[in-house]
Amino acid sequence: MSERHVHFAADAYPPTPSPTYSYSSLPSPGGPFTPPSLGFSRSPRAYAPLPGIPIKLNPALGCSQSPLLNYNVSFPPSTITPNIPSLPAGVLAEPATHPPVGRLEIICPLLPWRITITPSGKPGSCVTVADVLTGIYTKLRLSVTDGEFHSLPTRDAQRIVNDTYRRRCSRNRDPRAIQLEESKGVKRVDFLAERTQFMGLSATPGGPDVWELSLS
C-alpha cells in the first residue's frame with residue numbers, strides 16, 4: 001500500500017476554516033492527504049479568547065506516545081503522514097483549538113525561543129492545525145546568530161549543535177546543495193539535535209494560548 005502524504009498546496013487551506021471539530025462528518029481519505037476547500041467570513045475579533053472559556057486542543061496536535069500525525073520537524077510539512085488510517089483528510093484545515101483562536105505561542109525545553117503561530121489566512125481567520133505545523137517548521141528554519149550559538153551553556157552543547165548542523169546539510173546528495181545549505185549556517189532546528197519527532201502539544205501554566213512542544 002502506498003504511503004499517504006499531506007499536501008500543503010497554496011490554495012488548499014481556507015482563509016477561515018470551520019470553528020468546530022467534525023471528524024465523523026469528514027470522509028476517510030482514499031488518496032492524497034489533502035484538506036478540502038472550506039471557508040466563510042469572520043470578523044477580526046471573532047477568534048479572540050474569551051475569559052473563563054476552556055481551550056481544548058485539536059486531537060491531531062495532542063501530546064501522546066502515539067501521536068495521530070507522523071512528523072519529523074526537521075523536514076518540510078509535506079512529509080507528514082497519518083499514523084492511523086481513519087484520520088480525516090481535512091484535519092489540517094480544522095482549527096487548532098476549540099474554541100478557535102487567532103494566535104498561539106509554543107515553547108519547548110530544547111529551545112531558547114518561543115514560536116508564535118498566527119493564521120495564514122486573511123485577517124479574522126483562526127489558527128489551524130496546518131498553521132501550527134507549518135509555523136513550527138518555518139520558525140525552526142531561521143538562522144541562529146553568533147550570539148545565540150555562543151549562548152549555549154557548554155562547549156559540548158555547541159559541538160552537538162554543530163554536528164547536527166553538519167548532518168542536516170549532508171542529507172542532500174548533491175554536493176552543490178550541501179555547500180549551499182552549509183553556507184546558510186546553523187539553524188534553530190539544529191538546537192534540537194536528534195530530538196525532532198513531533199509528539200504533540202500540551203497545556204502550560206502560561207495561559208490558554210501557550211502550549212509546550214514535545215519531541216523525541
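Here the structure is a predicted model, which is why all the values come from computation and not from measurement.
Using modelled atom types, one side-chain atom of Asn58 and one backbone atom of Pro95 make a donor-acceptor pair closer than 3.5 Å. A donor-acceptor distance shorter than 3.5 angstrom exists from the side chain of Lys139 to the backbone of Thr116, with no hydrogens or angles considered. A donor-acceptor pair under 3.5 Å is absent between the side-chain atoms of Thr138 and the main chain of Gly135, judged by distance alone. No donor-acceptor distance shorter than 3.5 angstrom exists from the side chain of Asp163 to the backbone of Ile160, with no hydrogens or angles considered. Between the side chain of Lys56 and the backbone N or O of His98 there is no donor-acceptor pair closer than 3.5 Å. A donor-acceptor contact shorter than 3.5 Å links the side chain of Thr204 to the backbone of Val210. Between the side chain of Asn172 and the backbone N or O of Asp174, no donor-acceptor pair lies under 3.5 Å.
Under the 4.5 Å side-chain criterion, counting only non-hydrogen atoms from C-beta, Pro59 is in contact with Leu68. Side-chain contact check for Phe191 versus Leu152: some heavy-atom pair is nearer than 4.5 Å. At a threshold of 4.5 Å between non-hydrogen side-chain atoms, the residues Val101 and Asp209 do not count as touching. Counting only heavy atoms from C-beta outward, the side chains of Leu213 and Val73 never approach each other to under 4.5 Å.
Membership of an apolar cluster is not assigned to Met199, as no side-chain contact below 4.5 Å to another ILVMFWY residue is traced.
In this structure, Pro208 and Ile55 approach most closely via the heavy-atom pair CB-CG1, 3.5 Å. Contact record, Thr128 with Ala93: CG2-O, 3.7 Å, taken as the closest heavy-atom pair. Closest non-hydrogen pair, Pro77 versus Thr134, comes out as CG-CA, 4.0 Å. The shortest non-hydrogen separation linking Asp131 to Ser120 is OD1-OG, 2.7 Å.
Sorted pairs that involve residues 114-168 and meet ring pair (Phe, Tyr, Trp, His ring centres under 6.0 Å), not counting sequence neighbours, are lacking altogether.
Remark: Ser74 OG to Arg167 CZ distance equals 11.0 Å, nearest 0.5 Å.
Hydrophobic clustering (side-chain heavy atoms under 4.5 Å, transitive across Ile, Leu, Val, Met, Phe, Trp, Tyr) keeps Leu133 apart from Phe75.
Qualifying side-chain contact (heavy atoms from CB on, under 4.5 Å) partners for Ala203, counting only residues two or more places apart in sequence or in other chains: Trp211.
In summary, the side chains of Asn70 and Gln197 do present a donor paired with an acceptor at a separation below 3.5 Å, with no hydrogens or angles considered.
Salt bridge status for Asp156 with Arg159: present, with a side-chain N to carboxylate O gap under 4.0 Å.
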